[in-house]
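See structure below.
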Amino acid sequence: MGVALEKFPAICGVLPGGSGILTTADAFINWSRKSSVWPVTFGLACCAIEMMAAYASRFDFDRLGVIPRPSPRQADLMLIAGTVSKKMADPIVQIYRQMPEPRFVISMGSCANCGGPFHDSYAVLKGVDKIIPVAVYLAGCPPRPEALYYAVLKLQEKIQQMKIGHGAGAAPQQERGSRDLGAP
Amino acid sequence: MSETEKTPSSSAAKSAALLPEPVFTEGPWVLLPHRAWPTEMWASPWKLPRYRRGAMMLAGLLLLGTGAALLIGEIAPWADMLHARLMLAMATFGLPPPAVMCVWGALQIALLIGIFILAPVVIVWWERKISAHIQSRFGPMRTGGFHGWLQTAADGLKLLLKENITPQHADSWVHRLAPAVALVPALVAFAPVSFGQELSAADIDIGTLYIFAMTGVSVLGIMMAGWASANKYSLLGGLRSAAQLVSYELPRTFAVVPVLMFAGSLNLSQIVAAQQGYWGEGYGFALLPRWFIFYPVVGQLSFIIFLIASIAETNRTPFDIPEAESELVSGFHTEYSGIKFSLFFMAEYGAMLLSCLLMASFFLGGGSAPLPFLRFIPSWAWFLSKAVVLVFCFLWFRWTFPRMRVDRLMDFCWKFLLPWSFANIAFAGLYLLL
Amino acid sequence: MTNERVTAQILAQFPQLEKDPSPVKDYPTLRLPDAASLLPVISHLKDSLGFSYLDMVTAVDWKGPVDPAGYVREERAHPFQAKPAAAAAAKPLPGAPYRDAFTLVYALSRFANPLKIFLKLDVPREQPRAASLARIFRTADWQEREVFDLFGIFFDGHPDLRRILTLESLQGHPLRKDYAHAEDRFDR
Amino acid sequence: MNTAPAPSRSELKTDQLFVNLGPQHPSTHGVLRVGLTIEGEIIVKAEPDIGYLHRGIEKLCETRSYGQCIVLSDRLDYCSAMTNNLAFCLAAEKLLGVHAPQRADALRVAMCELQRIASHLILLGTYGIDIGAFTPFLYAFREREMVMDLFEMVSGARLTYNYIRIGGVRADVDAQWVARTREFLEYFKPRLDEYDTLLSYNPIFIDRTRGVGVISAEKAADYGLSGPNLRASGPAYDARRAEPHCGYEKYPFDVITAESGDCWDRYHCRVREMRQSVRILEAVLDGLPGGEILAKVPKIVKPAPGESYAHVEGARGDLGVYLVSDGGPNPFRAHVRAPSFLNLSILQEIFLGQRMADAIAILGSLDIVLGEVDR
C-alpha cells in the first residue's frame with residue numbers, strides 16, 4: 001500500500017482536477033490517522049502511571065480512539081513517559097525503528113523533554129529528542145492525564161496538516177528523517 | 001477473620017480516649033471544585049439522567065431494528081423475485097442458464113464477503129463499547145459523531161495506509177502468505193450457513209462437515225505467521241496456538257454429533273428445520289421451542305462444550321494464550337503491521353461471528369421464533385439477533401475472565417471436555433433409543 | 001534496655017569491637033576494627049542472636065565535599081540562571097570527619113523482639129576490599145553489587161561482582177566524592 | 001511400520017531458547033529486562049538486568065538541599081510517593097532532632113494509609129492484566145482516582161506530592177477533606193468485596209496463582225524481602241509495629257500474614273492490607289488532634305554532623321533512608337534501602353523451573369516499581 005500512496009500524488013498530478021482528488025484523499029487519510037492513534041504500551045517512570053490513569057476509567061483515552069498496542073509493529077505513537085536513562089536510550093531507538101510509518105513521538109514530562117529534576121545526573125539522557133524526533137513536547141512533572149489529552153489533541157492537529165503530496169505517509173520524507181537515524 | 005472491621009463505636013471510643021476532640025483549621029489554599037465521584041452512580045444509577053437516556057436509546061434502537069425487520073419481511077421471496085427478473089433479463093439477451101448461475105453466484109459471494117468485511121467492523125466497535133461500559137467508561141466517542149460509530153472504519157483505513165513491514169530475517173513469502181491463509185478459510189466457511197428461511201449461499205448436504213474442515217485450516221495460517229516472523233514470541237504463540245486449536249477442534253466437533261443425530265442430516269438448513277415447532281403444541285399451548293438446547297441434559301451439555309471450544313478456537317479470553325498480551329507481547333502477530341495485521345484481526349472476528357452463527361443454527365433453532373406469537377418477525381431477524389446475543393456473550397467473557405495457563409488449558413480439553421463430549425454422544429444415543 | 005543488653009552481649013563475645021563515636025541515631029552502632037572480623041561477627045549475630053535479616057549494605061565516601069565535576073551541566077545559558085549553579089566547588093566544612101576512607105555500613109534486624117543494629121567497617125580508599133556476605137545472606141548479593149558499582153569497593157568471595165545499575169561503558173564509580181563525569185555519546 | 005523404539009527423552013535433541021523479556025514488554029511494570037533461557041515452556045535460567053531507570057538520585061541528593069531532596073524522594077517509588085517523603089523526612093528530623101507536632105503525625109499517618117491503598121490498587125489492577133483479566137485494572141484505577149483527588153486537595157499534585165515536609169506537613173486539611181475521605185472510605189469498603197468476587201476468588205485466577213512461585217519464610221528473610229512479600233511467607237514483620245513511627249501505636253490494625261508464600265498469598269495480603277488501612281484511616285479521622293502542622297524548623301536545614309536511619313512501612317516493604325550529614329546544607333550521603341530492589345533480587349531463584357506464563361504471574365506478584373529498584 002505504501003507504494004500506491006507514494007505514486008498517488010504523481011498520478012493525480014497528470015489527471016484533470018488532480019489537486020481536488022489529492023485534497024479529498026488528504027482529508028480522508030488524515031481523518032483516519034488522527035482518529036486512531038495507537039500508542040505502544042511503553043512506560044518508563046512516573047509519567048507511565050499518569051499514562052495508565054489516562055487509559056483508565058475517568059479519563060478514558062479510548063474516547064479519542066487511543067488504545068494501547070503491546071507490539072510496536074502495530075503502533076503509531078510512542079509516548080516517552082518518564083526519565084530516559086542512558087541505558088534505556090538504545091532500546092528506545094530500537095523500538096522507534098520497529099514502528100511502521102507514519103509514526104509519532106510524544107515526549108511526556110520534563111524528564112523526557114530535557115532531563116527534568118535529574119538534568120545534571122550522570123545517568124540521564126537530557127531530552128529524548130537527542131535520539132529520536134519528537135512531535136509534541138508536554139511539560140509537567142508528571143503531566144496530568146488531562147495534559148496528556150491535550151498533547152494527543154495537538155498531535156491530531158499536526159496530523160491534520162499532513163499532506164501525501166509532501167510525502168507524508170508510508171512515504172520517503174519521514175523515512176529519511178527517522179529510519180536512517182544513526183545510532184547514538 | 002482477624003481483619004474484620006471493628007465496630008465504629010468501639011474504635012471511636014478507643015481513639016477518643018487517646019486523642020483530644022477533632023479540630024479543623026481553615027487554610028489559605030483553595031480546594032478543588034466538586035468532582036464527579038462514582039459514589040452517586042453506585043447509590044442509584046437510575047437517578048442519573050444519562051443512565052436513563054442510555055437505556056431509552058437502547059430500547060429505541062431495538063424497536064427500530066424490529067420495525068425495519070418487519071418492513072423488509074422474509075428475504076427469500078425478494079431473492080426469488082430478483083432471481084426471476086435476472087433470468088428474464090438475461091434470457092432476453094439470449095444468454096444461457098449457466099451464465100445466470102454465474103452471475104447469481106457472484107452476487108451471493110459479493111454479499112457474503114460484504115457481510116464478512118462489515119461484521120468485524122461492527123463487532124470491534126461494539127466490543128470496544130461493551131468493554132468500556134463493563135469497565136465504567138465510555139469507549140470511542142469522537143470518531144464519526146454518534147458514539148464513535150466510525151471508529152473501526154478509521155482504524156481499518158489507517159491500518160490499510162500504514163507501512164507494511166516485513167522483518168529482515170523473516171521468511172518473507174510465508175510471512176506474507178500467512179494472513180491470507182488465516183483469513184480465507186474463515187471466509188469460505190460462511191458459504192453453507194443458513195441465515196434464515198431458505199437463505200443460504202450454498203445449501204450443500206455436507207455443510208457441517210465442510211465448515212469444520214475449513215475452519216480447521218486456519219490454524220495453518222497462525223502457525224505460518226508464528227514461524228515466519230523470526231520472532232521468538234511469535235514462534236511461541238504459533239506453537240501454543242497450533243496445540244490449542246488442534247485440541248479444541250475435537251470436542252467442538254464431537255459436541256455437534258448429538259445435534260446431527262437428532263436432525264439426521266449434515267445440512268444446516270435441515271438441522272434448522274428439525275428444530276421448528278414447539279413442545280406442547282399438540283395440547284394447545286406452546287411451552288418451549290423444540291431447539292436442541294432444550295433437549296434435557298444432552299442439549300445443554302453439547303451447547304456448553306461447543307461454546308467453550310468455540311471460544312478457544314477463536315483465541316479469545318480465557319483461552320487467548322496464542323496472543324497472550326502480558327506474556328507474548330501479541331503472540332503470533334507480534335511482527336505484523338498495517339494491512340496484514342488487520343487481516344488477522346478480521347479473521348479472528350470472522351471466526352467468532354461464524355461460531356455464533358453456528359451455535360444459533362445448531363442449538364438455538366436458527367431462524368425460528370422462541371414462541372408462536374412472535375412468528376410475525378422474519379426468520380433472518382431472529383437468526384441475527386440470536387447470533388448477536390451470542391457475540392455479546394463472547395465479548396462479555398472476554399472482559400471478565402483471566403487467562404488460563406497453557407498446560408491447564410490442554411488438561412481441560414483432553415481430560416474434561418473430550419470425555420464429556422463422548423459421554424454426550426452416548427446420552428444422545430440413549431435418548432434416541434427411548 | 002534491650003539495645004544495651006544486646007550491645008553488651010556482642011561486646012563480650014568480640015572485645016575488639018567498639019561503640020561507634022558517631023552512631024546512627026537511635027540505633028546501637030558498632031565499629032569493626034578490621035576487615036577480618038566482619039564475617040565472624042555477622043555469623044555470630046545471625047546464628048546466635050537471631051539477627052537473620054540483613055537490612056542494608058551501603059557505603060559512605062568520607063573524602064571531603066562532593067566534586068561538582070561529577071554532575072553534567074549544560075553549556076548553554078539557563079534562562080533563569082546566569083551561571084550553572086554548582087560550578088563552584090563546595091567548601092570543606094569544619095567539624096566533619098573527613099578522611100581518606102570508605103565506611104561500609106551494615107544494618108541487621110531480627111524479627112522476634114524487633115531490633116536493628118548497625119555495623120561499620122572502614123576500608124581504605126586505595127584498594128578498597130572487604131569480605132562478601134553473599135554466602136551468609138543472599139540479599140547481600142545485589143546490595144554488594146550495587147556498592148561495587150557505585151563506589152568501586154571489591155567484595156572478596158562474591159559470586160558475581162558486576163556492574164548492576166550503571167552503564168557498562170561508564171568510567172569510574174559515581175558515588176565516590178571525587179567522581180568526575182567523562183562526557184559520553186549521550187551528553188552531546 | 002517403523003519398529004525402531006521411540007527415542008527416550010534424553011536422546012531427543014532439544015535446544016534452549018533465549019527469550020528477552022523487556023525492557024519494553026507489557027508486563028514488566030516498567031523497564032525491567034529479564035533474560036530468560038527456556039526449554040519448551042520451562043525456564044532454566046533467569047537473569048534480571050536492571051538499571052534502565054537508573055537516575056543517580058543518591059548522587060543528586062548530595063548537591064540538593066534537604067528540602068529539594070524530598071522532591072527527589074517523590075520520584076523514587078512513584079506509586080507511593082507519600083511514604084517516600086515520610087521516610088526521608090523522618091531521617092532528616094532525626095538528624096535535626098525535631099519532632100513533628102501531633103496533628104502533623106496524624107495527617108502523615110492518614111496520607112500514608114491513603115497512599116498504601118492507592119499503591120495496592122495499582123498492583124491489583126496491573127496484576128489482573130498480568131493474569132489476563134483486564135477489567136479489574138479499570139475498577140482499581142477508578143477507586144484510585146478518588147484517592148488522587150484527596151491528595152490533590154491537600155497537595156495540589158496527583159502523583160508527586162512533596163507534601164510531607166521536614167518537621168510536619170505542608171498544608172492542613174479542613175472539614176471538607178475529612179468529609180470527602182469518609183465518603184471515600186464508605187464507598188471503598190464494599191468495593192473490596194467486589195474485587196474479591198471479581199478477581200481474588202475467581203477459579204481461573206486461583207488456578208494461575210495458587211502454589212506458584214512459593215517463597216519459604218527462610219528464603220524470604222535470606223533475600224531481604226519485606227512488606228507483603230515477606231509477610232505472605234509467614235514472618236509478621238511490619239515496621240509500623242516493630243518500630244512505630246508517627247504514632248502508629250495508637251491506631252488499631254492487624255499485621256496481615258499468610259502461610260504459604262505463593263503468588264495468591266502475596267496478592268491477597270495486599271487486598272487485606274487495604275482493609276487494615278481503611279481501619280487506620282477511620283481511627284485517624286475519628287480522633288484528629290488539633291494544633292500546629294509544622295514544627296519550628298530553620299529555613300535552611302543544616303543539621304550537625306551525624307548519621308541517621310529511618311525506616312517506614314511503605315507500600316512495597318520496609319523503606320529505609322540512611323542520611324549522613326557533614327554539617328552542610330546538603331546531605332553528605334543519602335542512601336535509600338529500596339524494598340523493590342531487594343524484592344526483585346529473589347527473581348533469579350524463584351523463576352527457575354517455572355513456566356513462562358507463571359513467570360509473569362510471579363513477577364507481577366512481587367509488585368516492583370522500577371523507579372525504586374534503579375534509583
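Every chain is numbered from 1, with letters handed out A, B, ... down the list of sequences.
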Given a strict heavy-atom distance threshold of 4.5 Å, which part of D:Glu218 is in contact with chain C: side chain, backbone, both, or neither? neither
D:Tyr223-C:Trp142 aromatic ring centre distance below 6.0 Å: no
Any donor-acceptor pair under 3.5 Å from C:Arg162 side chain to C:Arg145 backbone: no
Name the member of D:Ala221, D:Pro305, D:Ala220 that forms the most heavy-atom pairs with chain C at distances under 4.5 Å. D:Ala221
Sort D:Ile346 into side chain, backbone, both or neither according to what part of it lies under 4.5 angstrom from a heavy atom of chain C. neither
Interchain contact, C:Ala107 with chain D, by part (heavy-atom threshold 4.5 Å): neither
Heavy-atom cut-off 4.5 Å, strictly under: side chain, backbone, both or neither for C:Val105 against chain D? side chain
Are the side chain of D:Arg375 and the backbone of D:Gly371 linked by a donor-acceptor contact shorter than 3.5 Å? no
Considering only heavy atoms from C-beta outward, does the side chain of C:Lys63 approach that of C:Tyr98 to under 4.5 Å? no
Does C:Phe102 offer a backbone N or O that forms a donor-acceptor pair with the side chain of C:Asp61 under 3.5 Å? no
Tell me, for C:Arg176 versus chain D, whether the close heavy atoms (under 4.5 Å) come from the side chain, the backbone, both or neither. backbone
Does the plane of the ring in C:Tyr27 sit parallel, tilted or perpendicular to the ring in D:Tyr309? Use 30° and 60° as the thresholds. perpendicular
Where does D:Ile50 contact chain C at under 4.5 Å (heavy atoms): side chain, backbone, both or neither? both
Of all of D:Phe332, D:Tyr52, D:Tyr237, which one pairs up most often with chain C through heavy atoms under 4.5 Å apart? D:Phe332
Is it the backbone or the side chain of D:Arg241 that comes under 4.5 Å from a heavy atom of chain C, or both, or neither? neither
Write down the atom of D:Val373, the atom of D:Ser340, and the distance for their closest heavy-atom approach. CG2-CB, 3.5 Å
Looking at side-chain heavy atoms only, is the closest gap between D:Leu344 and D:Leu363 below 4.5 Å? yes
Which residues, numbered in order, of residues 148-159 of chain C come under 4.5 angstrom of chain D by heavy-atom distance? C:Leu150, C:Phe151
Between D:Val34 and D:Glu47, does a side chain to side chain contact (heavy atoms under 4.5 Å, CB included) hold up when you go through it step by step? CA-CA 5 Å; D:Val34 189; D:Glu47 285 179 275; 5.9 Å; no
Looking at C:Arg138, is its backbone amide N or carbonyl O close enough to the side chain of D:Asp222 to form a donor-acceptor pair, meaning the two atoms are under 3.5 Å apart? yes
Write out, in numerical order, the residues from residues 313-324 of chain D with a heavy atom short of 4.5 Å from a heavy atom in chain C. D:Asp318, D:Tyr322, D:Val324
So C:Leu104 and C:Val147, do their side chains get closer than 4.5 Å, heavy atoms only? yes
State, without any angle test, whether D:Arg333 and C:Thr58 hold a side-chain donor-acceptor pair at a distance under 3.5 Å. yes
Taking the six-membered ring where the residue is Trp, are the ring centres of C:Phe118 and C:Tyr106 under 6.0 Å apart? no
Looking at C:Leu121, is its backbone amide N or carbonyl O close enough to the side chain of C:Arg31 to form a donor-acceptor pair, meaning the two atoms are under 3.5 Å apart? no
Which portion of C:Gln143 sits near chain D, non-hydrogen atoms under 4.5 angstrom: both
If you apply the rule side chain to side chain contact (heavy atoms under 4.5 Å, CB included), what do you find for D:Ser345 with C:Asp141, and how did you get there? CA-CA 8 Å; D:Ser345 68; C:Asp141 181 355; over 6 Å; no
Heavy atoms only, distances under 4.5 angstrom: which of D:Leu95, D:Leu225, D:Leu53 has the most pairs with chain C? Name it, please. D:Leu225
Given 3.5 Å as the limit, does a donor-acceptor pair link the side chain of D:His311 with the main chain of D:Ala239, or not? no
When only pairs under 4.5 Å are counted, which of D:Glu58, D:His54, D:Lys59 shares the most heavy-atom pairs with chain C? D:Lys59
Under 4.5 Å from any heavy atom of chain C - which part of D:Ser325: neither
